[in-house]
J.: 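Here it is, the structure, as structure tokens.
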Amino acid sequence: MNQSTLVATVVQQVLEKLNGPSGASSSGDSGAGSGGGKSFSVPTGSFGVFSSVDDAVDAATASQKQLVEQGLETRRSIVKILKETAEANAKEWGRVELEETKIGRLDHKVAKLELLGTVPGVEFLETVAHSGDEGVSIDEYAPWGVVGAITPATHSIPTLTANGISMISAGNALIINPHPSAANCAAMAVRTYNQLIAAKHGIENLIGIINPPTLRSAEEIFKHDRIPLLVVTGGPAVARAALKQPKRAIVAGPGNPPVVVDETADLKRASESIIAGAAFDNNLLCIGEKEVFVVDSVFDRMMDAMAAAGAVRLNSAQVDRLTQAAFEWKDDHYAVSKDLVGRSTSELAQAAGTTVDPSVDLLYGETTEDNPFVPEEQMMPFVPFVRVRDIDEAIALAVKYEHGFGHTAIIHSNNLERITRMGKAVNTTIFVVNGPCTAGLGVGGEGYPSYSIATPTGEGITNPLTFTRFRRMGVSGALRMI
Ligand code: NAD
């Protein structure tokens, strides 16, 4: 059977199991989905899907040993399997993920899976050599072993696949604790990947997943003595939990990306960019434009440019209604109400007391800086625009509302001094100039993508090297041939 026929057959078998009348497991217990969508179950106990962390670690440890023994060609081949399978199933898996999580947009769920083909692989591991009078040394990038990964509800299959590509390229196995509301789609993808890897290379459990995942299983992964490295992608609570662990944690934490627009900006380009970025998957991206500061002298023209580019403006009464629906007052602060996270512009418009055509990508409106849409990471296709006196105030507010996450910030300006000044002041991992946020991940810009941007721990846009240990072999006084 050739590789593409095999992919189609395995995927068909997995989907038949998922959609079958009982959804019953053929090989042990089943994890049941806790997401809002259609409930289905994925067999546990084989092909990477486990209900016990210890079992998953045993299986992944054995698979990682096989991976290392089989060499770099096998790693390359496995990365190819992951990329081709994600691309071949992008439409179906995007649909399954959306049905389970009920957040985001189908076209963009599909696009996120198709983008995985550009995630870097084994080619990133370049050996460095030093040669001189004293001999020769080589610096190499070694695996850690089994990596523990936590993945978010916002991009479940894309994050685990991108993590898988990077970590396996680096010679690791991984075990994922997925978000409970996106666990079954993740388990389905993991099972499919492992079946295909096993068919070609005889390695069955290189990507492990815990289903059903719980806070307890996350804690077990954090504490497990055979998991030397953690990679956590998620919001503030899990980022804090990971940073407290007594082992190395690479943390891809929350963002609240501000956008600054000054009077030198190309307002048409700025509007189109803000719509493309903030509307992407209904603003679920951690890099997505979340609040915009526009200098007073071009504020009204910028609001018109947004409308001309296809966004729909809410008036102040509508913004107030939407704000009431989108946030709840908890103790002493506003918190995002999960009900509207990742929902469509139509649903948001309804909450605001109006209607919009389903083809509208983004809603926007004028607010003051104290509207909770500005400080909170809101993940909805509505963007607040705040009028500011000048570029100094714009940069100061951008810094304030980025909250020191060190994640992403954006400027639209044609003044090099101001661009440089904001870049220094905001000090984020990703700083985009005159484009949509996605330009920072190579979409509408240059560079490679990743779904885990390590912010508080500083590794940045993760790639295979992020998941390696540096090793040097030094040969003293020999092996230099010139
Ligand atoms: P979330 O924080 O609710 O969940 C993320 C993961 O952490 C889930 O698997 C969840 O079950 C787990 N979790 C939550 N609290 C935990 C705890 N105390 N201990 C152990 N595990 C815990 O996030 P989400 O809603 O799925 O995703 C959105 C958030 O993730 C946003 O804040 C977004 O900015 C962030 N994010 C960051 C990146 C990045 O690359 N920096 C990428 C995607 C998402």
Side-chain angles (χ1 to χ4, degrees), residues 60-83 116-149 161-175 197 201 203 206-207 225-233 242-243 245-252 406 429-430 440-442 446-482:
T61 303
S63 288
Q64 194 261 342
K65 199 161 170 270
Q66 285 178 283
L67 178 73
V68 171
E69 280 166 5
Q70 290 192 22
L72 292 174
E73 263 323 300
T74 292
R75 293 192 210 174
R76 286 190 191 97
S77 163
I78 291 172
V79 165
K80 192 159 174 271
I81 290 172
L82 296 188
K83 291 181 174 188
L116 288 160
T118 59
V119 170
V122 182
E123 70 281 359
F124 247 60
L125 308 176
E126 271 184 18
T127 300
V128 176
H130 311 270
S131 174
D133 293 343
E134 303 294 340
V136 170
S137 289
I138 56 171
D139 300 342
E140 292 197 291
Y141 299 98
W144 282 86
V146 178
V147 182
T161 308
N163 280 181
I165 291 168
S166 298
M167 293 173 191
I168 292 168
S169 292
N172 302 291
L174 61 151
I175 293 177
I197 296 166
H201 299 286
I203 308 177
L206 209 44
I207 307 175
D225 59 0
R226 279 182 289 149
I227 297 182
L229 177 67
L230 301 172
V231 179
V232 168
T233 307
L243 289 168
Q245 301 308 314
K247 66 174 79 163
R248 169 101 190 273
I250 295 170
V251 178
T429 304
I430 297 178
L441 292 180
E446 293 298 326
Y448 59 87
S450 165
Y451 288 95
S452 298
I453 300 148
T455 39
T457 49
E459 293 82 358
I461 302 168
T462 56
N463 63 58
L465 283 177
T466 314
F467 308 112
T468 57
R469 291 169 53 236
F470 175 97
R471 295 191 62 191
R472 171 173 293 173
M473 181 185 68
V475 179
S476 177
L479 289 188
R480 182 172 151 88
M481 290 175 292
I482 50 174

J.: Please name all residues satisfying side-chain contact (heavy atoms from CB on, under 4.5 Å) with Leu243, sequence neighbours left out, ordered by chain then number.
T.: Val251, Pro456, Thr457

J.: Might you work through the side chain to side chain contact (heavy atoms under 4.5 Å, CB included) test for Leu174 and Val231, ending with a clear yes or no?
T.: CA-CA 10 Å; Leu174 61 151; Val231 179; over 6 Å; no

J.: Minimum heavy-atom separation for Pro143 to Ala170, with atom names?
T.: CB-O, 3.2 Å

J.: Please determine whether side chain to side chain contact (heavy atoms under 4.5 Å, CB included) holds for the pair Leu230 and Lys247, giving the CA-CA distance in whole Å, both sets of side-chain angles, and the decisive distance to 0.1 Å.
T.: CA-CA 8 Å; Leu230 301 172; Lys247 66 174 79 163; 3.9 Å; yes

J.: Given side chain to side chain contact (heavy atoms under 4.5 Å, CB included), test Phe467 with Ile250 step by step and report yes or no.
T.: CA-CA 9 Å; Phe467 308 112; Ile250 295 170; 4.0 Å; yes

J.: For Ser452, what residues pass the side chain to side chain donor-acceptor pair (under 3.5 Å) criterion, not counting sequence neighbours?
T.: Asn163, Thr233

J.: Do Leu441 and Ile430 have side chains that get closer than 4.5 Å, going by heavy atoms?
T.: yes

J.: Can you confirm whether Glu69 is buried at CD, in the sense that more than 12 heavy atoms of other residues, nucleotides or ligands lie under 6.0 Å from that atom?
T.: yes

J.: Between Val119 and Pro449, is there a side-chain heavy-atom distance shorter than 4.5 Å?
T.: yes

J.: How many angstroms lie between OG in Ser169 and CG in Leu465, if you round to the nearest 0.5 Å?
T.: 10.0 Å

J.: Measuring from atom CZ of Arg226 to atom CD of Gln64, what distance do you get when rounded to the nearest 0.5 angstrom?
T.: 12.0 Å

J.: Tell me, please, which residues at least two apart from Arg472 pass salt bridge (charged side-chain N to carboxylate O under 4.0 Å, His left out).
T.: Asp139

J.: For the CG atom of Leu125 and the CZ atom of Arg75, what is their distance to the nearest 0.5 Å?
T.: 6.5 Å

J.: Can you tell me if Glu123 uses its side chain to pair, donor with acceptor, with the backbone of Gly121 under 3.5 Å?
T.: yes

J.: Could you tell me the separation between the CD1 atom of Ile168 and the CG atom of Leu206, rounded to the nearest 0.5 Å?
T.: 4.0 Å

J.: Please give me the minimum heavy-atom distance between Trp144 and Pro228, naming the atom from each residue.
T.: O-CG, 3.5 Å

J.: Ala242 and Val232: which non-hydrogen atoms are nearest, and at how many Å?
T.: CB-CG2, 3.6 Å

